[in-house]
Amino acid sequence: MNHVTIRFFAQLKDRAGADTLSLDIVSEYTLKQLVSHLEETIPNLKGVLSTGNMQTAINQEFVDDETVIKHGDEVAFLPPFSGG
Amino acid sequence: MNHVTIRFFAQLKDRAGADTLSLDIVSEYTLKQLVSHLEETIPNLKGVLSTGNMQTAINQEFVDDETVIKHGDEVAFLPPFSGG
Amino acid sequence: MGMRLLFCHPFPAVDPKIMSIRIQSGDFSIEEEIGKMKGLSLKIGGIVTFLGTARDFSKGQIVTALSFEHYPKMAEETLRKIREKALTTFDIAAVTMIHRVGNIQVGENIVLIVVGAEHRKAAFDACSWCIDELKKTVPIWKREETQDGKIWVHDRP
Amino acid sequence: MGMRLLFCHPFPAVDPKIMSIRIQSGDFSIEEEIGKMKGLSLKIGGIVTFLGTARDFSKGQIVTALSFEHYPKMAEETLRKIREKALTTFDIAAVTMIHRVGNIQVGENIVLIVVGAEHRKAAFDACSWCIDELKKTVPIWKREETQDGKIWVHDRP
């Protein structure tokens with residue numbers, strides 16, 4: 001059982017209705033599979049997490065779709081930045 | 001008789017030993033002639049006022065060598081600037 | 001001997017106000033940040049600053065207030081990387097970067113970049129580069145309050 | 001009626017501290033100048049400043065103090081022209097230029113340029129241009145005190 005923490009920011013937080021999710025994953029997921037899982041589970045996120053301008057970080061480092069999620073990972077979905 | 005005021009700045013002031021000179025000129029001088037006159041009169045200024053990097057202003061406007069000095073003019077000799 | 005130990009601080013607390021990379025909710029003092037930088041080196045002859053402030057309109061809409069959110073740790077770490085890269089890329093002596101988060105009123109300060117160098121050209125280039133990089137790479141998000149409600153800047157139709 | 005007249009000021013004295021072009025012997029406050037500029041327009045979203053400070057060395061010599069001299073009226077007028085040119089050349093909203101004269105200690109402020117704009121690129125370009133122009137065209141001269149004595153900067157052998 002892999003325990004992961006999901007973090008949502010900005011508009012994603014509003015859509016997901018939460019800034020943090022705790023998730024237990026039975027099988028070994030890639031990031032791509034996790035995205036599909038979340039988009040199915042949370043209807044408001046459908047088609048949003050998988051758009052091209054979304055970046056993802058695992059444990060504060062940018063990662064790509066094929067990265068395998070490990071136990072204890074913090075997966076953060078980052079909409080386009082607008083600081084400054 | 002043309003009465004003119006000469007102003008020296010920075011190193012020129014040190015060389016001339018004064019920041020302001022009051023001068024009565026009998027004939028009609030161009031700036032070039034005024035420079036020759038000053039370089040002859042004040043030995044410390046010899047070859048200094050006529051160097052290429054010296055700028056001259058009459059009544060706070062830049063002028064060239066052939067400008068004719070008029071009664072009441074303020075002639076300022078400006079070494080290369082070093083503000084900022 | 002016992003008395004002297006009372007004055008020993010092997011792990012002194014770092015005053016957050018002297019740190020050159022900060023994300024904070026409160027305002028900052030430009031004069032104070034410049035003063036700290038001047039105190040670092042008398043070799044610094046030129047200091048270029050960029051101050052971003054909250055404007056009252058955006059894309060044709062009147063903005064009445066702003067709010068910023070960041071990804072803690074990652075935002076600070078990214079700022080730190082920008083600072084390090086700037087210090088090695090440009091001929092500069094010091095960089096300070098501060099970004100506010102939380103609610104910000106129109107006219108208030110949002111972000112401050114201060115770059116000190118021996119010569120001004122490098123300071124201008126580095127300061128401009130730092131704010132560009134900050135906007136591109138630091139996980140911070142802006143929400144604007146307009147007559148249409150509260151809108152995250154990149155979520156407009 | 002008579003009382004009200006006491007409060008009439010048809011020709012109010014201009015406070016030199018609010019003027020955006022100044023040559024002065026005393027120090028200036030960067031925060032104050034930025035604050036005044038922000039008060040001018042809520043359209044200003046980016047403010048770039050250049051601060052020139054007195055370094056402790058110059059051309060391999062240790063400098064212990066500085067002194068600046070200017071050509072009154074012409075120096076102010078030239079600063080004014082630079083400001084006007086910047087406001088018409090670049091897409092900016094406001095320019096402040098202040099230069100100190102007289103004796104200045106190492107580490108102290110010498111010159112301040114503040115440029116406010118809707119967008120930062122124009123503010124960076126204009127601020128950099130203004131300080132370049134100031135150095136080239138404003139009749140101000142610097143004298144450095146080194147171990148060789150007091151030397152006007154362009155009078156070195």
Side-chain angles (χ1 to χ4, degrees), chain B residues 3-23 31-32 34-35 38-39 42-84, chain D residues 21-24 49-55 58-59 63 66-82 97-102 104 109-113 127-144 149-157:
Chain B
H3 181 78
V4 296
T5 303
I6 315 287
R7 300 195 64 166
F8 297 116
F9 293 94
Q11 56 266 44
L12 293 183
K13 185 176 67 178
D14 296 348
R15 280 165 182 266
D19 58 2
T20 308
L21 282 187
S22 278
L23 218 67
L31 176 58
K32 197 172 185 172
L34 176 67
V35 165
L38 289 170
E39 290 202 348
I42 307 168
N44 262 341
L45 291 179
K46 193 143 198 71
V48 175
L49 298 184
S50 51
T51 54
N53 64 0
M54 196 67 59
Q55 292 186 90
T56 314
I58 293 184
N59 304 328
Q60 275 106 46
E61 297 283 347
F62 291 115
V63 292
D64 65 29
D65 272 4
E66 301 308 322
T67 308
V68 175
I69 316 289
K70 292 189 301 295
H71 179 71
D73 276 353
E74 176 172 291
V75 182
F77 292 99
L78 313 171
F81 308 140
S82 48
Chain D
I21 293 294
R22 272 146 49 206
I23 291 183
Q24 62 187 41
T49 70
F50 172 78
L51 174 69
T53 60
R55 285 188 295 163
S58 168
K59 293 170 191 165
V63 175
L66 294 171
S67 151
F68 286 89
E69 172 179 310
H70 74 303
Y71 185 6
K73 281 197 276 185
M74 189 176 180
E76 286 89 342
E77 189 51 35
T78 314
L79 283 177
R80 215 166 280 126
K81 282 177 188 162
I82 293 172
M97 304 179 85
I98 305 171
H99 201 297
R100 289 180 65 197
V101 288
I104 288 179
N109 297 331
I110 297 170
V111 59
L112 178 70
I113 317 268
C127 189
S128 174
W129 181 84
C130 282
I131 181 63
D132 285 355
E133 283 298 299
L134 183 153
K135 285 177 178 263
K136 271 188 280 182
T137 66
V138 179
I140 298 180
W141 298 272
K142 174 164 68 177
R143 195 181 61 183
E144 293 175 343
K150 296 177 178 182
I151 298 167
W152 291 100
V153 166
H154 281 282
D155 206 26
R156 283 228 182 94

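As a basis for the values below, the full set of heavy atoms in this structure was taken, side chains included, without hydrogen atoms, waters or symmetry mates. From a predicted model like this one, the values you see are computed outputs, not experimental measurements. Within every chain, numbering begins at 1; the chains are lettered A, B, ... in the order of the sequence lines, protein sequences first and strands thereafter.
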_Only heavy atoms, only distances under 4.5 angstrom. Which residues in residues 59-66 of chain B are near chain D?_
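Residues in range: B:Gln60, B:Glu61, B:Phe62.
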*Please look at D:Thr78 and chain B and tell me whether the side chain, the backbone, both or neither of the residue comes under 4.5 angstrom of a heavy atom of that chain.*
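Neither part.
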*asked:* Please classify the contact of D:Glu77 with chain B as side chain, backbone, both or neither, using a heavy-atom distance under 4.5 Å.
replied: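 No part of it gets close to chain B.
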_B:Glu74/B:Arg7 ion pair, N-O < 4.0 Å_ =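 Yes, charged N to carboxylate O under 4.0 Å.
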*Ignoring hydrogens and angles, tell me if any N or O in the side chain of B:Gln55 forms a donor-acceptor pair with the backbone of B:Leu78 under 3.5 Å.*
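Checking the backbone N and O of B:Leu78 against the side chain of B:Gln55, no donor-acceptor pair under 3.5 Å is found.
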*So, does D:His99 use its side chain to make a donor-acceptor pair with the main chain of D:Arg22 at under 3.5 Å?*
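No: the side chain of D:His99 does not pair with the backbone of D:Arg22.
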*Can you name the residues that form a salt bridge (charged side-chain N to carboxylate O under 4.0 Å, His left out) with B:Asp19, not counting sequence neighbours?*
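Scan of B:Asp19 (salt bridge (charged side-chain N to carboxylate O under 4.0 Å, His left out), adjacent residues dropped) gives none.
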*Calculate, to the nearest 0.5 Å, the distance between atoms CD1 and OH belonging to D:Ile23 and D:Tyr71 respectively.*
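Output value for this atom pair is 13.0 Å.
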*B:Asp14 side, atom CG; B:Asn44 side, atom CG - distance, nearest 0.5 Å*: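 Output value for this atom pair is 10.0 Å.
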_D:Trp141 and B:Phe9 aromatic ring geometry - parallel, tilted or perpendicular at 30°/60° bounds_ =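 Because their plane-to-plane angle is under 30°, the rings of B:Phe9 and D:Trp141 count as parallel.
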